[in-house]
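Only one structure is covered here, and it is reproduced in the block below.
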Amino acid sequence: MKRFYWPIMALTTVLLLAACGNTAGTSDETRKDKETEGHALLREMASPEGILPTPKPTNTQLDRLREQGVRLAGDLFDHCDVADENMVFAPLSAYMTLETLAAIGGEEEKNLFRQQMGEEMRFTDYDADVRALRGILKDVSTLRYHANLIASDEFSLNQTAMTELMAPGGPTCYQADFSDIKVAENNINALVKEQTNGLVEEVFQDTLKPETYLVLLDNLFFASDWSKPFRAAGDQSFHGTKGTVQIPFMARTALSEYAADEKGVYLGLGYEDDAMQMVIYMPADGDLTRALKEEIFRHPKTTYMEVHLDMPIFRVENKLDFKQYMAKSAFAPYLETFHCTLVDPPRTDFVGNIFQVAVMDVNEKGTRAASSTVATVEKTAAPMDPVQVTLDKPFAYALFYGRLPLYVGVFRHPTP
């Protein structure tokens, strides 16, 4: 029975997430009431009359979205990776948030988006792709997806721009009172928690600035059981980047997609939702960068065969600040000058925050994953015997819907 000890697992999942915030009141008693009510205070804006269903994506659009997801996953890993720590993020959620920022910006912002993404199409084509992707995510039974925009009622909104933004496949839009920033922050956190089924509990911790007047929140939650469950396999050795430790493992023997060569081993693990798949790649040389940026997206020719798999039970949770990526890309001007056309009259301000909170929870029963991508615009200031595979070393992981990468990350060492 062949054994492999150099594992790497890839899990890629699209996250687009939306969260909202409302505020009001100044007294402690009023604030307590409003915090208890949570996001129910948000005032949802009516959608345009006669709105049509979101169009279904074409194969060409799906291919483009996959390409953009893979490209952005590599860029974010290069610029946002925290050395020697575990990692998970949702590249397509980040992509949709960046596209929405460009959509509410001026022509300069749209051109910068096209420049960063390859200048292959008109901005309206990129926008159509994102709207189609949102339609896909809302139709998947194991996903809960929400894209929201919260606008402060401090400024009037450009009705033409709002109508275009809220067309089929656009975000749900709210207006809120940001005069009590703590209440606004609590309302945003409450919406995030609800839309991610409690997996992401908050995105702000006294960090929402009073200068904020627009918040984009894309929230995605995934939950599905394995097509065949694992069993608890007791504590086993994991040879992580911080040394060897004993941690809980799980095991199963099941038909799985399998491929192997001198570079590593590739596995595809199915869920009860057969459109979803976890990909595991174990590099022979332990190169997590190659594994995450290339191998988990390669989809080699595989064979369905009996595989006995031992792998860690793990949970990864992190917050990634995308500002470093922005600063080294065509989006750099956003951080200093952002022309917002959503308000009336238009304003020239800056993107204050852009980050993502993501969680990946893998156990014997199945997988739960969630992410919330946040961007804020602020007023200027600043068949044979089973093959044995043991995942006992650092690995990359990715969760796919079809061939679309939803979540991506690396597991370097156990956390307490």
Heavy-atom pair of closest approach, residues D153 and Q175: CA-NE2, 3.9 Å

Pair F155-Y213, ring pair (Phe, Tyr, Trp, His ring centres under 6.0 Å): steps then yes or no: CA-CA 8 Å; F155 301 114; Y213 65 92; 5.1 Å; yes

Between [Y] and [X], is there a salt bridge with N-O shorter than 4.0 Å?
| X | Y | answer |
| --- | --- | --- |
| K379 | E154 | yes |
| E295 | R290 | yes |
| K182 | E185 | yes |
| R122 | D125 | yes |
| D261 | K263 | no |

Salt bridge (Lys or Arg N to Asp or Glu O under 4.0 Å) evaluation trace for K365 with E272: CA-CA 11 Å; K365 185 178 180 182; E272 287 187 348; over 6 Å; no

Flag side-chain contact, heavy atom, 4.5 Å: F314 against F411: yes

Aromatic ring proximity F331/Y334, centre distance under 6.0 Å: yes

Pair F113 + F123: ring centers closer than 6.0 Å: yes

Interatomic distance, I136 atom CD1 to Y145 atom OH [nearest 0.5 angstrom]: 11.0 Å

Neighbour count >12 (heavy atoms, 6.0 Å) for atom NZ, K193: no

